[in-house]
Amino acid sequence: MAETVMDTKKVMLSGIQPSGELTLGSYLGAIKHWPARAQEFDCYYFMADLHTITVRQNPAELRRRTLTQLAAYMACGLDPKQNVLFIQSHVPAHAQLAWVLNCYTMYGELSRMTQFKDKSLKNADNINAGLFTYPALMAADILLYQADYVPVGEDQKQHVEICRDIATRFNSIYGDVFKVPEPYIPPVGARVMSLTTPTSKMSKSDHDQNGCVYLLEKPEDILRKFKKAVTDSDMEHCVRYAPKEKPGVANLMQIYSAVTGKSFDEIEREFEGKGYGVFKPAVGEVVADCLRPIREETQRLLEDKAYLETVYREGAERASYIANKTLRKVYKKVGFVQM
Ligand code: ATP
Ligand code: LTN
């Protein structure tokens, strides 16, 4: 049972949509940092499957990616005993609270969300109501667990802001029902960029597969992608950290640094006089070595369906216990007759 009720640990919660394969960016920028947090926080991590259907999904693929994401979380070091790992759709309270919060979220607020505007442009034939009210569901995800901190990337900050506004509005009417959460932007904010377009973020929905390294990719494919990575057009061929002039090289240095723990100075010294022909495969090698055990462990876990099922069942039970407490309180406050 989650000890959230009894102990004084603060609560941290985050979710990733199983809308594509996890990338090196999701790993270095997010998941890699999660296991260590269990010591300080009560941690909840979930597969945000309810969110993914705001964009059309292939059902079999969605199921496969959701389970793979759970296995990958564990392979990255998230111990299901120390963290609550669950699948969002297994905890009905998310959808139930989202409905209530929809009634405390304003049309004008939702219209200002940049992600809604971006996704509407990309999916012009399917601008559905779910895509529009998505921030109310995300607010429910967070507020159900009385989360103190929500680790997210820059692009999700606006959704955490609206969640705070919704919580504050609700609390001002009904008293202190919700903890008002803070976004938590990781201190070592590794922002991994595309290997082919180093000015844009490496992202799981990117159509250019060569720019993106996937968490579960074969080592030889990883190496090939790094060898082809865009560096710069000048002839200097020198490994030097200059993000504005040499964004491709800077990105490779960031990745190398995030994986090996070496500083940019150390990396510059290590590759002095060696050129990109040596540097690029070296980055590929360390990434492939770092991801190899994760890939193997994910595959092993995926073969153990019974264990995965135990994990997501227990996760849903632990999550539901806390989520239902908040939901009951909300139902009571708004005036629903209690069963
Ligand atoms: P999508 O393409 O569906 O928008 P995404 O690949 O951008 O997805 P998210 O699911 O939005 O990834 O992100 C999951 C987590 O991983 C977030 O905390 C986000 O900040 C982090 N993350 C994702 N991509 C990167 C990246 N390239 N660099 C650093 N962190 C990243
Ligand atoms: N919207 C987020 C995923 C997400 C999330 C959450 C993150 C859904 N619910 C709650 C943190 C907290 C995304 O698309 N990256």
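Please read these numbers as outputs of a predicted model, since none were measured by experiment. For ligands, and for the atoms within them, numbers begin at 1 and follow the listed sequence.
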Ligand 1 contact on A30 by region, counting heavy-atom pairs under 4.0 Å: side chain
Centroid separation H159 to Y134 less than 6.0 Å: yes
Any donor-acceptor N/O pair, E61 side chain to N58 backbone, under 3.5 Å: no
Donor-acceptor under 3.5 Å (T23 side chain, S26 main chain): yes
Ligand 1-proximal atoms of S205, by part, heavy-atom distance under 4.0 Å: both
Heavy-atom nearest option to atom 7 (O) of ligand 1, drawn from K157, K204, K201: K201
Backbone or side-chain N or O of V192 under 3.5 Å from ligand 1 N or O: yes
I16 heavy atom under 4.0 Å from ligand 1: yes
Sole residue of E220, E217, Q209 in side chain to side chain donor-acceptor pair (under 3.5 Å) with K225: E217
Heavy-atom closest contact (I267 atom, V239 atom, distance): CG2-CG1, 4.3 Å
Residue list, salt bridge (Lys or Arg N to Asp or Glu O under 4.0 Å) with E285, at least two apart or on another chain: none
Ligand 1 atoms in contact with S19 (distance to a heavy atom under 4.0 Å): 3 (O)
Trace of the ring pair (Phe, Tyr, Trp, His ring centres under 6.0 Å) decision for F170 with F178: CA-CA 8 Å; F170 197 93; F178 296 126; 5.1 Å; yes
Intermediate values then yes/no, side-chain contact (heavy atoms from CB on, under 4.5 Å), L50 and H94: CA-CA 9 Å; L50 294 177; H94 288 249; 4.1 Å; yes
Sorted by chain and number, the residues that approach ligand 2 to under 4.0 Å with a heavy atom: L13, S14, G15, Q17, F46, A48, H51, Y134, M138, D141, I142, V150, V152, Q156
H33 side chain vs L28 backbone, donor-acceptor pair below 3.5 Å: yes
is_close_aromatic(Y149, F41), centroid dist under 6.0 Å: yes
Any D155 side-chain heavy atom under 4.5 Å of K201 side chain: yes
Sub-3.5 Å N/O-N/O distance, S203 and ligand 1: yes
Per-atom contacts, ligand 1 versus G29 - under 4.0 Å to a heavy atom: 29 (C), 30 (N)
For atom 22 (N) of ligand 1, the option (of A48, G153, G25, S200) bearing the nearest heavy atom: G25
Proximal atoms of ligand 1 relative to R191 (non-hydrogen, under 4.0 Å): 28 (N), 29 (C)
